[in-house]
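Report on the structure given below.
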Amino acid sequence: MDSATDEDSDSDVFGFLPSMIEVLKSSDDPSELIANLTALCDALAFTQYEDDLAQFPLKEVVPVLIELAGKGVSPDAMSLVVRVFTYLLDLVPRAAKVLAKKGAIAVLCGPLMEIEYLDVAEQCLVALEKLSRRQTVPCLKAGVIQTVLRFIDFFDIRVQRVAISIAMNACRKVPEDCLSTVMDAVPTLCKLLDYQDQKLVESAATSLMKIVENFSHSSDLLDELCKHGVVKQSVKLISPCSTVALSERTNIGMIELLARLANSSLLAVSILYELNINSILGNLLRRPHLSHSAHNSHSEDDSRDQIFAALKLLNQLIPPMACDEKDIQLVSGKNEIIANEPKLSFQFAEDILPALIQAVNSGASTRICYGSVSVILNYFLAVTPDVLRVLIKNANIPKFLASLLSQKNHHLLIPSLLIVEVIMRELPGELLKPFVKEGVSHAINVISKQENWSQTDTGDTDDQTIANPPRCLCYAFDPCSSPSSSESRTCRQRRCDLSPLAQRLMSTFFTETLISSMVFSENLRKLKSCCMEIDNNVHSALPNSSEKEEYLTQMLGELVKVLNEGESVSTFEFIESGIPRFLVHYLTNGDHFPRGVYSNKTEAYHTVLKRFQTFTSMLLSGQSWQLFPLTSLVRHLQNALSSLESFPIILSSGYRPTPRRADISAEKPTVHPCLQVNFVTEERETELCNYNNVLTVDFSSSWDTIEEFLWPKVKKKMSVTKSAQETRHPGEKSAQIVDSQEQGENSMLQNNEDVKPKLVFLLDGKQLDHSVTLYQAILQDKINQDPAIIINREFWNEVHGVKFRKAKELQLRLPLKKGSFQVFADTSQSSLSCDTAGLCRQNLSFFSSMLLSELPCKLERSNPAYDILYILKILEGINGFSFQLSSNEKSNAFAEGRLNNADDLKVIAPSLPQTEFISSKLNSKLEQQMHDHLVLSTTTMPLWCTQIMVSFPFLFSLEARWKYFFLNTLGISRNHMQNSEKNEISNINDRRSLSTSLRRKKFKVHRDNILGSAVKMMNWYASKKVLLEIVFNNEVGTGLGPTLEFYTLVSHELQKVGMGMWRGDHTSSGTKLHSRKSMVVSDSSFVRAHSGLFPRPWSIRVESLNGVSFSKVLKNFFLLGQLVARAIQDGRILDFTFSRAFYKLVLEKDLDIYDIQSFDPELGRTLIEFQALVKRKAFLESGELSEDGSALSFRNARIEDLCLDFALPGYPDYAFGSSDSKMVNMSNLGEYISLVVDATVGSGISRQLESFKSGFNEVFPIKALQIFTAQELEQIVSGEQDTWDNNEFQDHIKFDHGYSSTSPTAIMFLEVIQEFEVRQRRAFLLFVTGAPRLPPGGLAALRPKLTIVCKHCDNDADMELPSVMTCANYLKLPPYSSKERMKEKLLYAIMEGQGAFHLS
């Protein structure tokens, strides 16, 4: 009964309408009208039933309301009528059509013609905005645009935005009879572009875009738009000096607007040139990276589209050859503009041409390359020979064309060949020699001989763009096209024209007679001659054939000399001569050394070692690194790599993650795209069940996940009894008794049963690597089949066939036992074994990594870049180990009697900056790949990215490696980043903003038990992907400041004397600890380590020392590992100064005798001198030097007189008890050196380091850090060593809220800060930020920026203390009367205000 009553009441929601209509028609009583209109508004506002709204009598109500409004009712009644219209537009979709048809537009425009009542006018604008979304044409014909813009300045900014939105909606589609109406509104819209409100300006810009799009069919209308100032205002808006920061999308739209105007309007072209459009577009094209972006989720596509739009505009300014009569007139007109303005050519040469060449050389997509080449070709065709000569004067066009002609896409090859033809025709003979030298003629000759061009590519080959079908590039830069649009028109550039065009060029400009008459290839002949001589003598040269080695050294010197003659050797000559291949043969003696065979190839190894030393001294000779031959060689190799590499960029414009179900996925449902895979049991497989099923698989699934899904379905079930019998040996009882050790090993095997692979997967007959994902494996297989693969929607719909079989040989990788960490490649040979060559086993680790049989990545030997990457890896290693190589060479010189003074053993090893090894092209490609939608959403990249990054990290910038680290290791994907302050990982300094995208978790700690709190925190959260924030017990502060202080306090606790962790811990003096450049801590209770912290060696025989147990030391190193890893993940700075040698150990780099100097200079220097004496003794005993061996001494003292016992220097508890002799003499000095080195950097610290790694791996794998150098890792962990430079301090701080940079207090503050000592500066940083160190990048990288504001005081300011907000790096500074008072109060607050967080 109740429900029936409710239903009746609901059906009567609008039951009062008939009577209300009668009242509205007949009543003149204002109060009665307002009452009925109010009731109608309330009914519409509160109704929740769609059926009632669907049956609303619009045709009866709307005419009455319109008639009522036309009578001139009171403002209140008019306001209610408009409100009813608004409700109807919101709630009833069909209301817009009825309102427009019945004349509501004119009613709503009435109050806007003469504004008497502001609230009514504003309500009319709101209603018109909703109406204009659905009824565009009626609004246009009613003159809405002029009406809403007439008094737009009269309204506030909120209402102005509504008004311009109406105009924007009305301009979406303009019929022919409304063109003049819209044109009248253009001046007002142009005026609005000068406003400062971003939303208002963007709406006005969008309106103009729509107008130009609707007018693009008429050149006369476009000319009229130009006269109204559309071009001028648009150029002003996209210029770098624009005062309004527009979105990337709006910028792209304005550039496309200009392209549409330039396509059909000569007036627009003329105005654009007058406004220096070349300079603006040049700046846009020279952006740091083609896919660097702003801060929105679509920024990667936006940036590429902006480059695309700029090229589209350039292609309209500089038109291609005309096709019809209309085009002929336009093209001739545009060419005439260029011809009549010589300065335009200079602007093009200065602004556009270098930017286009840079865009192509930086690894841009094929579409961008095609647009760039098209612009260059069109401009070269449009200018005179004299102007052409000016254009190519400073641009290396031959090298640029040579790189383009090595491509496979006919859309790039044909315009490149046409550019060659234009230059050779217009400037006959002037570039013949450069074209031959750079390999242009060679490339053309190769093209001319290839016959099957029709099958070599399928369109936009290098743009392997997911979700985009193949399209022809010929129409890509038409003014109406878009980057993602599909084009099916006939290709203008036929592939079959390639070979005839190349043959014509060869027969006309590059005849064999003409080329052979030139002396262009002298360098090439000389290089080839040197390389052949080196290669022919590599195998025959042995250590005792000194003449052969001297001859090889001479040939190598000639080779280096030719390469070091600046730009005289072209990239083509460098590649053609085969230098990388021959250098690899020389440095490896024509062979590669697999691990573990050094003893079988001792002589060959000595030869290689000597060649490395010779090569190093030859390459690093010069007054500065800029003049080193190594610099020239690396740059030649980089150019060759850029020319030969073909790693694809897999882009996914159009991909948007949507939840979906998958048969195999780590997440259900998954937001990743899914692959259709047909899993089939291999035909010959008998131990598995037959399986043949198509499954939907999350594309990021690993083979382990797939195996976990398939194994229960395909394994054949056996009884437990039968299985046990089969595995038992004959005569063995069912119940066995094993000792505890066997039980442990069996348990370890059982625990790892789930880790070992059970299935082997095959794709096209090739076994797949379990370390890659399904997507990477399938994608790589497709690329191997066809390098010109296009990945489109069909890729996701295609069924990919994968076979599998049971893994026959299950190789189990047992975890390392405690203390099994090895520093040396072979500890069994770690003793110092010296002979005439002075070979030391400690050096094997470096050379073993250089001289492998293959590169440490899955790159085919047939790949043209293989030898280049190989030699680059060797050269980067030589550069990094130049000190070791030079030291060893000097040691050998001492042994051979060429040096006699121990002081001459000191080495100052020069080296190249690490940035010289960065490949700009590969770095750019990786940047583009990491900014792709699919990568940001899933953190899954093509296989080449991982392989090249892991094997050759030096090819990429620190910023690129940092982004890769976050994406690949920490899994910071777009799903995590979308709520962060920034949506891109711009550089290493942004790690804090990236970490803030993780889920936050607060943790309470106690100041009186910092280490205990740290242990508890790590036990709970070490492996959790959360952002930890610290709250100190009984303190109100929380957030970034307390968190940074906590990490600082834990850092200090782990550096205290008595922990037994660090070298120097045995010291109890009160000397304060300093780092290499800045003070670490200021209390005498902390370990002193001038050269940085390094683990204290512990003998395996010692379990405790001075009350410190070794087990406690291991626990502290475990905690230290967790702390360092957590700090890296969360973006925190630690107040440690570790030695570089310790960072090398963290990176799993082997240490040797030469590394000891970096953390213990005195011990390291002494050991090197001892080693030189041992080598000298061995050399004397060989009879090659006539000298009395008994006279050997260490700095005029016999070794025996040094009274050294067989214990580690400085650590009497670390005795070498296995020695036959208790004292060191000349006979056992070599053994002593080996034991000291092993104890210092080997077995003496291996257990501590293993514990550190175990703790670290609980957060994320420590191997992920190996893409960084030790110096970079130091910067990541501990920030900047220096505080700041006084000259830059003012540039990176902000004065606000009462202060400016010219305020007296601000000036005094800067003077006080400049007077601070290092210790005071660190204390100031700790006071203001919570950490005594600055992040990587220094003060400029501090986020938020350091801000100083005025602290308002009730009483005398001189009596007040400064206060801070550490979370915001915010210093509240009272306006002190003098500098002295300010310094006194500031120092007091800094020193006494630490140790607690309270309200300030």
Side-chain angles (χ1 to χ4, degrees), residues 992 995 1001-1024 1026-1035 1037-1062 1065 1073 1075 1079-1083 1085-1087 1089 1092-1093 1095 1108 1112-1138 1142 1146 1248 1251-1256 1258-1260 1273-1274 1276-1279 1322-1323 1325-1327 1329-1335 1366 1394-1397:
R992 185 174 296 167
S995 300
K1001 188 69 178 179
K1002 291 185 178 181
F1003 189 84
K1004 182 176 290 187
V1005 301
H1006 297 266
R1007 286 188 181 271
D1008 55 356
N1009 187 19
I1010 287 294
L1011 279 186
S1013 297
V1015 170
K1016 183 181 293 186
M1017 183 181 79
M1018 292 303 172
N1019 288 340
W1020 288 1
Y1021 296 111
S1023 60
K1024 301 290 193 308
V1026 296
L1027 182 66
L1028 293 175
E1029 288 189 352
I1030 301 302
V1031 179
F1032 285 99
N1033 189 42
N1034 295 326
E1035 298 179 23
T1038 184
L1040 182 60
T1043 304
L1044 291 177
E1045 181 169 348
F1046 169 75
Y1047 279 95
T1048 300
L1049 292 176
V1050 178
S1051 303
H1052 292 173
E1053 287 293 318
L1054 291 173
Q1055 296 177 67
K1056 284 187 175 180
V1057 169
M1059 301 288 287
M1061 297 178 64
W1062 309 110
D1065 197 351
L1073 173 62
S1075 71
M1079 186 166 59
V1080 179
V1081 288
S1082 59
D1083 194 277
S1085 62
F1086 293 93
V1087 174
L1093 296 169
V1108 179
K1112 181 64 174 176
V1113 172
L1114 292 181
K1115 289 180 180 178
N1116 286 333
F1117 269 103
F1118 186 85
L1119 173 63
L1120 178 63
Q1122 292 176 315
L1123 183 75
V1124 172
R1126 194 77 221 189
I1128 293 174
Q1129 178 173 290
D1130 290 357
R1132 313 307 186 196
I1133 297 297
L1134 297 177
D1135 194 20
F1136 282 107
T1137 302
F1138 297 118
F1142 179 74
V1146 172
Q1248 299 93 301
S1251 186
F1252 174 90
K1253 291 181 178 180
S1254 298
F1256 196 105
E1258 287 206 345
V1259 183
F1260 64 85
L1273 187 56
E1274 178 183 32
I1276 291 170
V1277 172
S1278 298
R1322 285 172 45 81
L1325 285 176
L1326 182 61
F1327 178 64
T1329 69
R1333 294 170 181 253
L1334 288 169
T1366 54
Q1394 297 180 11
F1397 282 90

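Ring-plane geometry between Phe1138 and Phe1136 is classed as parallel, the angle between the planes falling under 30 degrees on a 0 to 90 degree scale with a further cut at 60.
Residues Glu1045 and Arg1007 have side chains in contact (heavy-atom distance under 4.5 Å, counting atoms from C-beta outward). Residues Leu1054 and Leu1123 meet the side-chain proximity criterion, which asks for heavy atoms closer than 4.5 Å. At a threshold of 4.5 Å between non-hydrogen side-chain atoms, the residues Glu1029 and Lys1001 do not count as touching.
You'll find the ring centres of Phe1086 and Trp1062 outside the 6.0 Å limit. For Phe1003 and Phe1032, the ring centers sit 6.0 Å or farther from each other.
In this structure, Met1061 CE and Lys1112 NZ are separated by 10.0 Å, a value rounded to the nearest 0.5 Å. Considering CZ of Arg1322 and CG of Leu1334, their distance stands at 10.5 Å, rounded to 0.5 Å. Between Tyr1021 atom OH and Gln1122 atom CD the span is 14.0 Å, to the nearest 0.5 Å. Rounded to the nearest 0.5 angstrom, Leu1093 CG and Gln1055 CD are separated by 5.0 Å. Atom CG of Leu1028 sits about 9.0 Å away from atom CZ of Phe1046, to the nearest 0.5 Å. Ile1128 CD1 to Ile1133 CD1: the interatomic distance, rounded to the nearest 0.5 Å, is 10.0 Å.
Judged by distance alone, the side chain of Thr1043 and the main-chain N or O of Ile1030 form a donor-acceptor pair under 3.5 Å. A donor-acceptor pair under 3.5 Å is absent between the side-chain atoms of Arg1132 and the main chain of Val1277, judged by distance alone. In this structure, the side chain of Ser1013 does not engage the main chain of Val1005 through any donor-acceptor pair within 3.5 Å.
Salt-bridge formation is not detected for the pair Lys1024/Glu1258: no Lys NZ or Arg NE/NH1/NH2 atom is positioned less than 4.0 Å from an Asp or Glu carboxylate oxygen.
When every heavy atom of Pro1332 is checked against every heavy atom of Thr1048, the shortest pair comes out as CD-OG1, 3.3 Å.
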Given side-chain contact (heavy atoms from CB on, under 4.5 Å), test Met1059 with Val1108 step by step and report yes or no.
CA-CA 7 Å; Met1059 301 288 287; Val1108 179; over 6 Å; no
Begin from the C-alpha positions of Tyr1047 and Arg1126 and carry the test side-chain contact (heavy atoms from CB on, under 4.5 Å) through to its verdict.
CA-CA 10 Å; Tyr1047 279 95; Arg1126 194 77 221 189; 3.4 Å; yes
Given ring pair (Phe, Tyr, Trp, His ring centres under 6.0 Å), test Phe1117 with Phe1256 step by step and report yes or no.
CA-CA 10 Å; Phe1117 269 103; Phe1256 196 105; over 10 Å; no
Applying side-chain contact (heavy atoms from CB on, under 4.5 Å) to Val1087 and Lys1056, what does each step give before you reach the verdict?
CA-CA 6 Å; Val1087 174; Lys1056 284 187 175 180; over 6 Å; no
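Remark: Lys1115 engages no residue in a side-chain contact (heavy atoms from CB on, under 4.5 Å) (not counting sequence neighbours). For Asn1019, there are no side-chain hydrogen bond (donor to acceptor under 3.5 Å, both in side chains) partners, not counting sequence neighbours.
Side chains of Ser1051 and Arg1333: a donor-acceptor N/O pair is absent below 3.5 angstrom, by distance only.
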